[in-house]
Number of protein chains: 2
Amino acid sequence: MKEKVTNVTIKMLANQLGLSISTVSKAISDSHEISAATKQRVNDLVEKLNYKPNPYASSLRTRNSKTIGVVLPEVADSFFAQAINGIESVAEEKGYHVLIYLSHESFEREEQIIKDFESGRVDGVLISVAKETEQHKHIDTLLEKKIPLVFFDRVIDEVATTKIITDDYEAAFTATEHLIKQGYKQVLFLSFSQILSISCKRLEGYKKALYDNTIKFSSGNVLRFSNDAKKDYSNLLRKLTSLKKGIGVLASVEKLALPVYQACEELQLPIPQDVGLISFSNLDSAAFLHPPLTTITQPAFEMGKAAAALLLKALERKNFELTDEEIVIPSVMIVRKSTL
Amino acid sequence: MKEKVTNVTIKMLANQLGLSISTVSKAISDSHEISAATKQRVNDLVEKLNYKPNPYASSLRTRNSKTIGVVLPEVADSFFAQAINGIESVAEEKGYHVLIYLSHESFEREEQIIKDFESGRVDGVLISVAKETEQHKHIDTLLEKKIPLVFFDRVIDEVATTKIITDDYEAAFTATEHLIKQGYKQVLFLSFSQILSISCKRLEGYKKALYDNTIKFSSGNVLRFSNDAKKDYSNLLRKLTSLKKGIGVLASVEKLALPVYQACEELQLPIPQDVGLISFSNLDSAAFLHPPLTTITQPAFEMGKAAAALLLKALERKNFELTDEEIVIPSVMIVRKSTL
DNA sequence: GTTCTGTACGAAACCGGTTTCGTAAATAAA
DNA sequence: TTTATTTACGAAACCGGTTTCGTACAGAAC
């Protein structure tokens with residue numbers, strides 16, 4: 001009762017047609033070796049029997065699977081959700097399949113996933129690394145095996161392949177300067193990783209804006225978020241309490257914005273009067289938050305699309321290799337009420 | 001320069017060890033036929049050469065791929081994002097791989113995806129159908145091929161397999177009654193499909209609540225959302241304008257909630273005073289919207305997890321079949337300021 | 001000593017395609 | 001007419017594993 005239904009194979013086609021297996025195979029792939037008449041007969045039977053070639057048999061012989069692996073830290077983040085959309089749209093168009101893996105921000109998990117790819121399960125890889133990831137041996141090993149990989153958003157600078165990023169430094173600079181111009185005397189930077197390239201760049205942009213506005217950088221104004229949401233939240237409360245009013249807050253990643261709303265509510269610090277908030281975020285609901293959230297919105301869909309397009313180009317074109325370069329797609333700041 | 005690096009194969013292991021291929025294969029799978037000493041030698045070399053068995057060769061012979069297919073209408077919806085998380089968590093644990101496909105709410109696309117699965121690419125399928133889907137021949141055909149499939153959330157009642165759903169009828173009933181109890185004289189139902197089982201059930205729950213409260217049902221109060229966001233929005237504007245104040249709105253799906261915020265803002269109809277809003281939604285930001293959104297929150301993660309767990313059980317246990325039943329995981333209503 | 005049983009392994013078929021290479025017949029070139 | 005090509009197809013190797021089946025040998029049973 002549970003045994004699989006035997007699928008129709010190319011052998012069955014060949015037998016029914018009185019042709020050889022190789023002839024059928026060639027007919028299906030529209031080889032010039034096969035006459036039009038024979039192709040017609042073959043295709044008719046393919047249609048009639050609803051023949052679906054076994055993809056794994058084909059993959060085994062041809063050494064490619066028409067499958068790409070996508071490694072994400074998580075999926076419950078609008079950025080990644082939109083990025084998947086972009087990736088899927090080009091994969092679909094080119095007839096590729098997408099295997100999805102979540103690292104849950106864990107380096108070990110990411111390492112396991114990447115190591116599995118050495119098996120040849122995927123033709124290429126798109127990755128946005130975990131917040132913990134600082135080494136890149138796992139990725140180097142994969143590249144040595146000539147499995148193309150492109151980074152998007154969360155990249156590792158030291159790895160020599162193509163990276164699709166946004167203008168993190170500039171965006172953070174703009175955001176910080178915006179807060180300063182709006183009159184916030186101090187600016188907090190909510191950091192979610194001290195390791196990630198994007199975090200570092202955003203922090204640098206923040207620092208530069210402070211510098212340009214002759215505000216002294218204080219490491220105490222950089223709040224590091226860990227995995228412990230409770231502790232992070234109480235740190236945030238403490239920090240906000242300790243400061244005078246007129247605090248600007250730059251959340252360097254989407255998930256850090258909502259805790260600020262919550263904390264301000266709890267502490268009765270009205271946004272934007274006492275606290276100005278701007279966040280890197282792709283939330284559709286940003287415009288309807290209370291108050292509407294000023295955001296740095298990343299071109300998530302486009303980044304996913306660009307990354308996938310490049311990867312597939314590298315897979316399809318034998319004379320195209322992924323060079324060590326950064327492709328920057330700019331973010332846009334959308335000013336709303338949370339910053340006056 | 002582009003040719004793939006030849007991976008180490010089981011044959012290379014066998015040669016280096018002076019053993020036969022079959023012995024090595026059995027050693028790796030820890031067969032009782034092989035002596036402990038030999039297993040040790042084999043595993044040592046596996047480690048040393050970083051041998052990764054080709055998954056497609058293995059799939060070909062064993063006729064299973066340790067891969068499941070997940071078909072979603074979209075991914076930029078908190079429900080599906082969380083569901084993926086649930087699915088991935090159990091797939092990961094059981095060593096399964098997950099292929100993701102988006103139907104983008106198109107029946108044709110969904111059909112293509114499902115048809116591809118007839119090739120044997122996946123061992124089993126999880127699906128939440130497109131809003132357009134009313135036929136189910138594509139799914140029947142798959143089931144005839146003995147490829148297990150479980151529905152989650154957006155199910156097709158007529159297909160005889162397991163369905164993981166939430167209590168749509170009751171939740172909509174509760175939501176509607178809540179609006180009525182809060183004093184809204186009329187209740188609008190924002191519908192996003194006339195076909196989907198969940199939509200119908202939610203509509204039924206809505207009707208029942210009206211009936212129980214002796215409010216006459218009017219089909220004019222059911223607003224159908226199409227794919228044309230602009231047209232939908234202007235319909236919504238028109239409807240809200242035409243009604244007296246004190247309108248309750250039940251958004252039967254997450255994406256319909258934000259347009260209501262926008263329309264109320266545009267029409268200067270304060271929520272919750274003039275318009276009460278409740279929505280099926282899993283948005284984390286619901287609590288921080290302006291005003292905070294009362295939601296029916298579905299157990300998305302749990303539903304994904306349950307669906308995946310059941311599917312994998314059907315795949316692993318030969319004496320377990322997916323019966324034609326519904327497993328209901330209840331939603332919870334979280335009352336916030338958008339409904340007084 | 002003979003038969004039986006169990007252990008440890010190897011040869012080969014097999015999964016279902018793709019690809020190489022060989023060849024008979026038809027056609028073109030000389 | 002003979003030779004060179006082209007057309008259309010088939011046999012078989014191949015991809016890299018898994019699985020079946022056969023067997024040599026050691027020790028146990030009789």
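Residue numbers begin at 1 in each chain, while the letters A, B, ... track the order of the sequences.
A side-chain N or O of A/Lys145 and one of B/Asn7 form a donor-acceptor pair less than 3.5 Å apart. A donor-acceptor pair shorter than 3.5 Å can be found between the side chains of A/Ser20 and A/Ser22.
Within 6.0 Å of CD in B/Glu325 there are more than 12 heavy atoms belonging to other residues, nucleotides or ligands. Residue B/Lys66 places its NZ atom among more than 12 non-hydrogen atoms of other residues, nucleotides or ligands, all under 6.0 Å distant. For B/Lys305, the NZ atom is loosely surrounded, since the number of other residues' heavy atoms within 6.0 Å does not exceed 12. For A/Lys39, the NZ atom sits in a packed shell: over 12 heavy atoms of surrounding residues, nucleotides or ligands are nearer than 6.0 Å.
Heavy-atom nearest nucleotides on DNA chain D were determined for B/Thr62 and for A/Ser20, and the one closer to the 5' end corresponds to A/Ser20.
At a threshold of 4.0 angstrom between heavy atoms, the contacts of B/Leu19 are confined to the sugar-phosphate backbone, with no base atom among them. At a threshold of 4.0 angstrom between heavy atoms, the contacts of A/Ser22 include nucleobase atoms, whether or not backbone atoms are also involved. At a threshold of 4.0 angstrom between heavy atoms, the contacts of B/Gly120 with the nucleic acid are absent.
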### Query
Under the salt bridge (charged side-chain N to carboxylate O under 4.0 Å, His left out) criterion, do A/Glu92 and B/Arg109 qualify, and how do the steps go?
CA-CA 10 Å; A/Glu92 198 270 293; B/Arg109 182 79 193 95; 3.7 Å; yes
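Sorted by first and then second residue, the side-chain hydrogen bond (donor to acceptor under 3.5 Å, both in side chains) pairs involving residues 110-122 of chain B (not counting sequence neighbours) are A/Asn50-B/Glu118, A/His97-B/Arg121, B/Glu110-B/Thr133, B/Glu110-B/His138, B/Asp116-B/Arg121.
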Close N/O contacts between protein and nucleotides 23-26 of chain C (under 3.5 Å):
none

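For DNA chain D, the contact window with chain A, defined by any atom under 4.0 Å from a protein heavy atom, covers D/dA8 to D/dG16 in 5' to 3' order.
When the options A/Leu45, A/Val24, A/Ile34, A/Leu13 are evaluated for a side-chain contact (heavy atoms from CB on, under 4.5 Å) with A/Leu19, the one that passes is A/Val24. Remark: of the listed residues B/Thr38, B/Asp44, B/Asn43, B/Asp44 is the sole one forming a side chain to side chain donor-acceptor pair (under 3.5 Å) with B/Gln40.
Contacts with DNA chain D (heavy atom under 4.0 Å) in residues 32-53 of chain B: B/Tyr51, B/Pro53, listed by number. A heavy atom closer than 4.0 Å to some atom of DNA chain D occurs in B/Ser25, B/Lys26, these being the qualifying members of residues 23-30 of chain B.
Residues satisfying the side-chain hydrogen bond (donor to acceptor under 3.5 Å, both in side chains) criterion with A/Glu144, sequence neighbours excluded, are absent altogether.
Nearest approach of A/Ile164 to A/Val155, heavy atoms of both residues: O-CG1, 4.4 Å. Here the shortest heavy-atom pairing between A/Ile156 and A/Gln135 reads CD1-O, 4.0 Å.
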